[in-house]
There are 2 protein chains.
Amino acid sequence: MVTKSTPDRGDAFDPDCPTRVVLDRIGDKWTVLVIGALQDGPLRFSVLRVRVGGVAAKVLTQTLRAMERDGLLTRTVHAQVPPRVDYELTDLGASLTGPIQTLTDWAETHLSQILGARETYDAALDPPLDAR
Amino acid sequence: MVTKSTPDRGDAFDPDCPTRVVLDRIGDKWTVLVIGALQDGPLRFSVLRVRVGGVAAKVLTQTLRAMERDGLLTRTVHAQVPPRVDYELTDLGASLTGPIQTLTDWAETHLSQILGARETYDAALDPPLDAR
DNA sequence: AGTGCTTGGTTACCAATGGTTACTGTCGCG
DNA sequence: CGCGACAGTAACCATTGGTAACCAAGCACT
């Protein structure tokens, strides 16, 4: 018997735990960036694309749809001649900006340590042999 | 002149900003789970694999190597007969547990909202047509 | 009137990544 | 002598991320 042992705590290690669902979404690079981009107010698709930088339209669309599905943002289509679609964070989406900010703060603080560790690690490999 | 405008703030939206490097690592689903698994102390490879749940050995290896490179954990090989490798968080890695905990807390708190939104969204589509 | 531009996509298509399965090497044990 | 444990690695697929081309609607311009 495997006795799946209901994951009471946020045992995200169990693939069956729904917390994992959320982590999968957060774990998406673009989702995090989109939330960051939208935290100052709604943006339209094309602006968002530039703002996030380096995201392909297709992937941005996918990301936005997934986020809309999860209730993180709303998608408003204006029936205009050049189509205009606004994306805006919902309260739920906005509530994520805090945790994400914590993360980016950490990133900024420890960036140099990481880059340093990376250099050390790479230097420890046989330099002639192109590591990677 | 493009004048890349030095990303002074942690403008992770600029792909050139090194903060993005860190976000890419955090954005890795397995990295987050590994840190969670290791926060109570060092674990050996096989235990880690079970603990994380659903990770393939190859991917776990990749993840651990990348984390080692970034100075998030140490890899200790014991020259024993059945090989034994222990992975332990460094101080740097341990300092990430806080931000990550923030995230998982959010996940637990808002999980029901997300699942609810998801149901609503799915129900809005033509039920006969199997969306997705 | 016709052409082209803008916006927000979608549809191939291709490369990279994630994931699964099988296999290796060493050494003690039965 | 062969089996099993451990920590991977190799080879091989599947899924996904990313690119480039195209579409539809309507207006401005020629």
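Note that the structure is a prediction, hence the values are computed from the model and not measured. Side chains included, hydrogens not; waters and symmetry mates left out as well; all remaining heavy atoms used. Just so we're on the same page: letters track the sequence lines, and every chain starts at 1.
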Return the value, rounded to whole Å, for the distance between atom [atom1] of [X] and atom [atom2] of [N].
X	N	atom1	atom2	answer
Asp28(A)	dG17(D)	CG	C1'	10 Å
Leu48(A)	dT7(C)	CG	P	14 Å
Leu43(B)	dA7(D)	CG	C1'	15 Å
Asp86(A)	dT7(C)	CG	P	13 Å
Lys29(A)	dT17(C)	NZ	C1'	12 Å
Gln62(B)	dT17(C)	CD	P	9 Å

Within residues 61-116 of chain B or reaching into it, pairs that qualify as ring-ring contact (aromatic ring centres under 6.0 Å, His included) - sequence neighbours excluded: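 Qualifying pairs: Trp106(B)-His110(B).
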Enter the distance from [X]:[atom1] to [Y]:[atom2] here, rounded to the nearest 0.5 Å.
X	Y	atom1	atom2	value
Arg49(B)	Thr61(B)	CZ	OG1	8.5 Å
Leu60(A)	Trp30(A)	CG	CH2	9.0 Å
Leu64(A)	Thr31(A)	CG	OG1	8.5 Å

Shortest non-hydrogen contact between Thr97(A) and Ala94(A), atoms and distance: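 Closest approach of Thr97(A) to Ala94(A): OG1-O, 2.6 Å.
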Nearest non-hydrogen partners of Pro99(A) and Leu103(B), listed with the distance: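 Scanning both residues, the minimum pair turns out to be CB-CD1, 3.4 Å.
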Test salt bridge (charged side-chain N to carboxylate O under 4.0 Å, His left out) applied to Arg75(A) - qualifying residues, sequence neighbours left out: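 Checked Arg75(A) against salt bridge (charged side-chain N to carboxylate O under 4.0 Å, His left out); zero matches.
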Backbone of Leu72(B) reached by a side-chain donor or acceptor of Thr90(B) within 3.5 Å: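 Yes, because the side chain of Thr90(B) sits within donor-acceptor range (under 3.5 Å) of the backbone of Leu72(B).
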Closest to side chain of Arg84(A), choosing from dG8(C), dG18(D), dG18(C):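 Output: dG8(C).
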Sequence-aligned protein contact record of nucleotides 25-30 of chain D, with B where the base is within under 4.0 Å of a protein heavy atom and S where only the sugar-phosphate is: -SS---
Close side-chain approach of Leu115(A) and Leu111(A), heavy atoms under 4.5 Å: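 A side-chain contact under 4.5 Å exists here.
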Salt-bridge contact Arg118(A)-Asp70(B) (side-chain N to carboxylate O under 4.0 Å):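 Yes, Arg118(A) and Asp70(B) are salt-bridged.
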Divergence of helical axes at both termini of the helix from dA1(C)-dT30(D) to dG30(C)-dC1(D) - five pairs an end, 10° steps: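 It works out to 30° between the end axes.
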Looking at [X], does any N or O in its side chain come under 4.0 Å of the phosphate oxygens OP1/OP2 on [N]?
X	N	result
Ser46(B)	dA7(D)	yes
Arg44(B)	dA7(D)	yes
Trp30(B)	dG18(C)	no

Results of side chain to side chain contact (heavy atoms under 4.5 Å, CB included) for Glu119(B) - residues two or more places apart only: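 So Glu119(B) forms no side chain to side chain contact (heavy atoms under 4.5 Å, CB included) with any residue.
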Within the sub-3.5 Å range, which N or O atoms of nucleotides 9-11 of chain C have a protein N or O partner, and how far apart are they?
{"from": "dG9(C)", "atom 1": "OP1", "to": "Arg65(A)", "atom 2": "NH2", "distance (Å)": "3.1"}
{"from": "dG9(C)", "atom 1": "OP1", "to": "Arg75(A)", "atom 2": "NH2", "distance (Å)": "2.4"}
{"from": "dG9(C)", "atom 1": "OP2", "to": "Tyr87(A)", "atom 2": "OH", "distance (Å)": "2.8"}
{"from": "dT10(C)", "atom 1": "OP1", "to": "Arg65(A)", "atom 2": "NH1", "distance (Å)": "3.4"}

